[in-house]
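Structure first, commentary second.
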Amino acid sequence: MTIVEIAAALLIGIVAGAVSGALGVGGGSIMVPAMVLFLGVDQATAQGTSLLVILPTAVAGVASHFRRGSLDFSPTWLLGLVGAAAAGAGALVALRINESQLRVFFAIFLIVLGCREIFFSGRKGPEEPERERMSDL
Amino acid sequence: MAGLTGKRAAIAAGIGLAAGFSSGLLGIGGGIIMVPAMGAFLAMSHRRTVANSLFAIIPISIAGVGFYYFAGSRPAVRVDLALVLAIASVLGAPLGAAIVYRVPERALRIGLGVVALLAAFRLLLP
């Protein structure tokens, strides 16, 4: 990686981490388009790279919850198993369609996310510490 | 699995299907779907949905990375880039916590929404 690429990636990562830490959203939603639009990475590779960043973040998050007392994960074993299989299917689709088609899918996701944040984020939720907001990666 | 009735199992599987597929298709974690869905359909408290969502993201993202790396004509994962991004996001998280302490959350969410719409627009340009 060039110095410029490293600097840009650092900035993208800091912003993604900050938004995720502040709002519980972000992570992949920010990293993927930033990689595509600012680092010239192709859409599929940006997505695969994003998942590799998300993985250790989730492990750290779970570890943090464990340390604060045991939590019941009983439905989530099944959810995770089905989810893993479905993720494989989703990845296969992403790898098979072309760049512009995949960008359209991601753009649709961003439009839904954007509208949700602009129009449906007004209600007050329960107070939660910032560490809880690693919900949406 | 204690307490996992047929109906709850079906719901959990359905949420997993939706979250997992969107994770693989888009390269996101899936928490955006899981957190509200677990709260609405599995009657989980917010704290539990966050913890369970993070827990489920682990197998989901492992599967996703595996397929992106091995299932295409060439690896669709930039490991070098992922390393820099991961280190940077660890640095960014406390920064975000500090910002949300000082700036109204609603304003931050509207800002994020606008940026997301702009990014969508840019992605749709030829």
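Below, each value reflects all heavy atoms present in this structure, side chains not excepted, and no hydrogens, waters or symmetry copies. A, B, ... follow the sequence lines: proteins, then strands. Residue 1 opens every chain. Please read these numbers as outputs of a predicted model, since none were measured by experiment.
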Option in A/A44, A/S100, A/A60 with maximal non-hydrogen atom pairs under 4.5 Å from chain B: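 Of A/A44, A/S100, A/A60, A/A44 has the most heavy-atom pairs under 4.5 Å with chain B.
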Option in A/G88, A/P56, A/A34, A/A89 with maximal non-hydrogen atom pairs under 4.5 Å from chain B: A/G88
Non-hydrogen atoms of B/M44 and A/P75 that approach each other most closely: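 Distance-wise, the nearest heavy atoms are CE-CG, 3.6 Å.
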Are any non-hydrogen side-chain atoms of [X] and [Y] less than 4.5 angstrom apart?
X: B/V77; Y: A/T45; answer: no
X: B/R78; Y: A/M1; answer: yes
X: A/F109; Y: B/I32; answer: yes

Flag, side chain of [X] to backbone of [Y], donor-acceptor distance under 3.5 Å:
X: A/S121; Y: B/R109; answer: no
X: A/S50; Y: B/G27; answer: yes
X: A/Q47; Y: B/L25; answer: yes

Which one of [options] has the most heavy-atom pairs closer than 4.5 Å to chain A?
options: B/A86, B/G111, B/A56, B/A82; value: B/A82
options: B/A76, B/A12, B/A19; value: B/A76
options: B/A63, B/A13, B/A120; value: B/A120
options: B/L118, B/V84, B/L124; value: B/V84
options: B/I11, B/L95, B/V79, B/L112; value: B/L112
options: B/V115, B/L83, B/V103, B/D80; value: B/D80

B/A71 versus chain A, the contacting section by heavy-atom distance below 4.5 Å: both
Toward chain A, the part of B/I99 with a non-hydrogen atom under 4.5 Å: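 Neither; nothing under 4.5 Å.
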A/I3 atom CD1: more than 12 heavy-atom contacts under 6.0 Å: no
Interface moiety of A/V32 toward chain B, non-hydrogen atoms closer than 4.5 Å: side chain
Residue A/L102 versus chain B: region with a heavy atom under 4.5 Å: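 The side chain, not the backbone.
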Stepwise side chain to side chain contact (heavy atoms under 4.5 Å, CB included) test for B/V114 and A/I118: CA-CA 7 Å; B/V114 169; A/I118 292 170; 4.0 Å; yes
Spatial distance of atom [atom1] ([X]) from atom [atom2] ([Y]) [nearest 0.5 Å]:
X: A/F66; Y: B/L54; atom1: CZ; atom2: CG; answer: 11.5 Å
X: B/R74; Y: A/L95; atom1: CZ; atom2: CG; answer: 9.5 Å
X: B/I28; Y: A/I54; atom1: CD1; atom2: CD1; answer: 7.5 Å
X: B/S89; Y: A/I12; atom1: OG; atom2: CD1; answer: 12.0 Å
X: A/T76; Y: B/N52; atom1: OG1; atom2: CG; answer: 3.0 Å
X: A/L37; Y: B/L125; atom1: CG; atom2: CG; answer: 9.5 Å

Side chain to side chain contact (heavy atoms under 4.5 Å, CB included) between A/L110 and B/L117, worked out: CA-CA 6 Å; A/L110 284 176; B/L117 291 179; over 6 Å; no
Side chain to side chain contact (heavy atoms under 4.5 Å, CB included) between B/I110 and A/E117, worked out: CA-CA 6 Å; B/I110 290 174; A/E117 295 300 312; over 6 Å; no
Candidate pair B/M34 and A/L79, rule side chain to side chain contact (heavy atoms under 4.5 Å, CB included), full reasoning: CA-CA 10 Å; B/M34 285 190 279; A/L79 198 156; 3.5 Å; yes
